[in-house]
2 protein chains.
Amino acid sequence: MLDATRPFRLTPQRAAVFQVVRDACDHPTAREIYARVKACQPGIGFATVYRTLNLLAAHREILELQLGDDAVARYDANTAPHDHILCTSCGAIADINVPLPESTTRQAARESGFEVEGYELQFLGRCAGCVTQ
Amino acid sequence: MLDATRPFRLTPQRAAVFQVVRDACDHPTAREIYARVKACQPGIGFATVYRTLNLLAAHREILELQLGDDAVARYDANTAPHDHILCTSCGAIADINVPLPESTTRQAARESGFEVEGYELQFLGRCAGCVTQ
DNA sequence: GTCCCTGCAAAAGTTTTGCATTGCG
DNA sequence: CGCAATGCAAAACTTTTGCAGGGAC
């Protein structure tokens with residue numbers, strides 16, 4: 001993944017941040033990542049975490065997501081195109097993969113006159129646990 | 001739209017904020033709305049604008065949107081379900097209407113185990129003006 | 001009079017930036 | 001040595017909250 005061939009230096013702090021994002025299965029915020037990185041890099045500062053997340057996102061090593069109406073960035077080590085679903089009850093976030101039909105993208109282009117490059121799709125609902133409660 | 005039958009008072013400040021959002025065709029931010037409202041309500045404060053936008057959104061008179069990776073809320077007086085497309089070059093935002101096939105929603109439910117209540121779909125691309133440049 | 005609303009200021013929260021220091025290459 | 005990266009603190013920015021004053025009913 002990250003090695004000497006990258007156009008940026010792989011410092012222990014950066015490696016720790018990247019490891020935390022890869023190990024996470026809950027789309028953590030920068031603050032949550034900071035707390036987890038503290039476990040193995042106690043001296044790390046906020047700024048380094050933010051700078052590293054921006055660096056990794058700029059190099060497409062991770063994704064920066066804006067989910068729900070939170071106004072807080074979340075991070076995802078799964079860089080393959082995929083979608084998300086959010087539980088409106090408990091806030092859980094899950095990865096899903098529901099490609100749009102080609103016709104839908106074509107319709108978006110036709111309606112808007114835009115050249116479509118991609119899309120972001122999030123579903124809202126209630127997770128299995130919250131439904132049975 | 002807003003009249004005496006609403007469960008909240010229609011003050012001149014609130015009417016001005018609502019009017020600005022309805023007249024806007026660019027999905028303005030709270031700060032932009034504040035600047036425009038100043039034109040007819042020079043004494044209005046930030047807090048009143050934010051409180052009014054939250055009030056109107058809570059009563060489904062307007063929509064609060066989180067578009068792109070901006071981490072800033074935008075507002076839309078079009079409360080009918082619809083989608084958006086963003087120009088990655090100039091930042092333009094357009095409304096579009098591309099309903100997802102039923103099968104796509106069903107697939108999301110099946111993959112996640114969630115009870116799907118809705119979705120948000122944004123396309124990314126380049127607008128006609130930016131393409132020809 | 002009561003209650004809701006407003007405006008101002010301060011607070012809260014996230015993210016960025018400035019700068020001196022550190023440490024790899 | 002030279003340059004990039006770090007850590008700390010302060011700043012920038014959006015949004016919320018506390019509170020005293022004022023207006024509507």
Side-chain angles (χ1 to χ4, degrees), chain A residues 2-21 27-59 61-76 91, chain B residues 2-21 27-59 61-76 91:
Chain A
L2 281 183
D3 58 34
T5 70
R6 300 283 162 198
F8 50 85
R9 204 188 296 171
L10 182 59
T11 64
Q13 288 91 341
R14 287 175 177 176
V17 169
F18 191 47
Q19 189 65 48
V20 163
V21 178
H27 305 80
T29 65
R31 180 162 293 270
E32 289 163 346
I33 293 166
Y34 171 71
R36 295 176 202 179
V37 170
K38 276 265 176 182
C40 59
Q41 290 284 330
I44 200 170
F46 249 136
T48 302
V49 173
Y50 274 102
R51 277 188 285 237
T52 300
L53 291 170
N54 286 342
L55 182 77
L56 294 173
H59 287 277
E61 300 285 351
I62 62 176
L63 290 182
E64 179 181 333
L65 304 172
Q66 210 71 43
L67 299 176
D69 289 345
D70 261 14
V72 64
R74 295 181 172 275
Y75 297 88
D76 190 341
Chain B
L2 281 183
D3 58 37
T5 69
R6 299 285 162 197
F8 50 86
R9 206 187 295 170
L10 182 59
T11 64
Q13 287 91 340
R14 289 176 177 175
V17 169
F18 191 47
Q19 189 65 48
V20 163
V21 177
H27 305 79
T29 65
R31 180 162 293 271
E32 289 163 346
I33 293 165
Y34 171 71
R36 295 176 201 178
V37 169
K38 276 264 176 184
C40 59
Q41 291 284 330
I44 200 169
F46 250 135
T48 302
V49 172
Y50 274 102
R51 277 188 285 237
T52 301
L53 291 171
N54 286 342
L55 182 77
L56 294 173
H59 287 277
E61 301 285 351
I62 63 176
L63 290 182
E64 179 181 332
L65 304 172
Q66 209 71 42
L67 298 176
D69 288 345
D70 262 12
V72 63
R74 294 181 172 277
Y75 298 88
D76 190 342

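Note that these values count all heavy atoms, side chains included, but never hydrogens, waters or copies made by symmetry. A note on names: the letters A, B, ... follow the listed sequences, proteins ahead of strands, and every chain is numbered from 1.
Side-chain proximity of A:R14 to D:dA5, C:dT17, C:dT6: nearest is D:dA5. When each of C:dC5, D:dG7, D:dT17 is scored by its nearest atom to the side-chain atoms of B:R9, the top-ranked nucleotide is C:dC5. Of the candidate nucleotides D:dT15, D:dG7, D:dG18, D:dT15 has the atom lying nearest to any side-chain atom of B:Y50. Checking D:dT14, C:dG18, C:dT14 against the side-chain heavy atoms of A:V72 singles out C:dT14 as nearest. Listed candidates were C:dC5, D:dA5, D:dG7. Nearest to the side chain of B:F8 is C:dC5. The side chain of A:A47 approaches D:dA9 more closely than any other nucleotide in the set C:dT6, D:dA9, C:dT15.
Here C:dC8 presents its C1' atom at 13 Å from CD1 of B:I44, a figure rounded to the nearest Å. Separating the CG atom of B:D70 from the P atom of C:dT15 is a distance of 13 Å, rounded to the nearest angstrom.
Applying the 4.0 Å criterion to OP1 and OP2 of D:dG7, one finds that A:Q13 has a side-chain N or O inside that range. The shortest distance between the side-chain N/O atoms of B:N54 and the OP1/OP2 oxygens of D:dT15 is not below 4.0 Å. One finds no side-chain N or O of A:R31 lying less than 4.0 angstrom from the OP1 or OP2 phosphate oxygen of C:dG13. For A:T11, a side-chain nitrogen or oxygen approaches OP1 or OP2 of D:dT6 to under 4.0 Å.
With respect to B:E61, the side-chain contact (heavy atoms from CB on, under 4.5 Å) criterion is satisfied by exactly one of B:L55, B:L53, B:L56, B:V21: B:L56.
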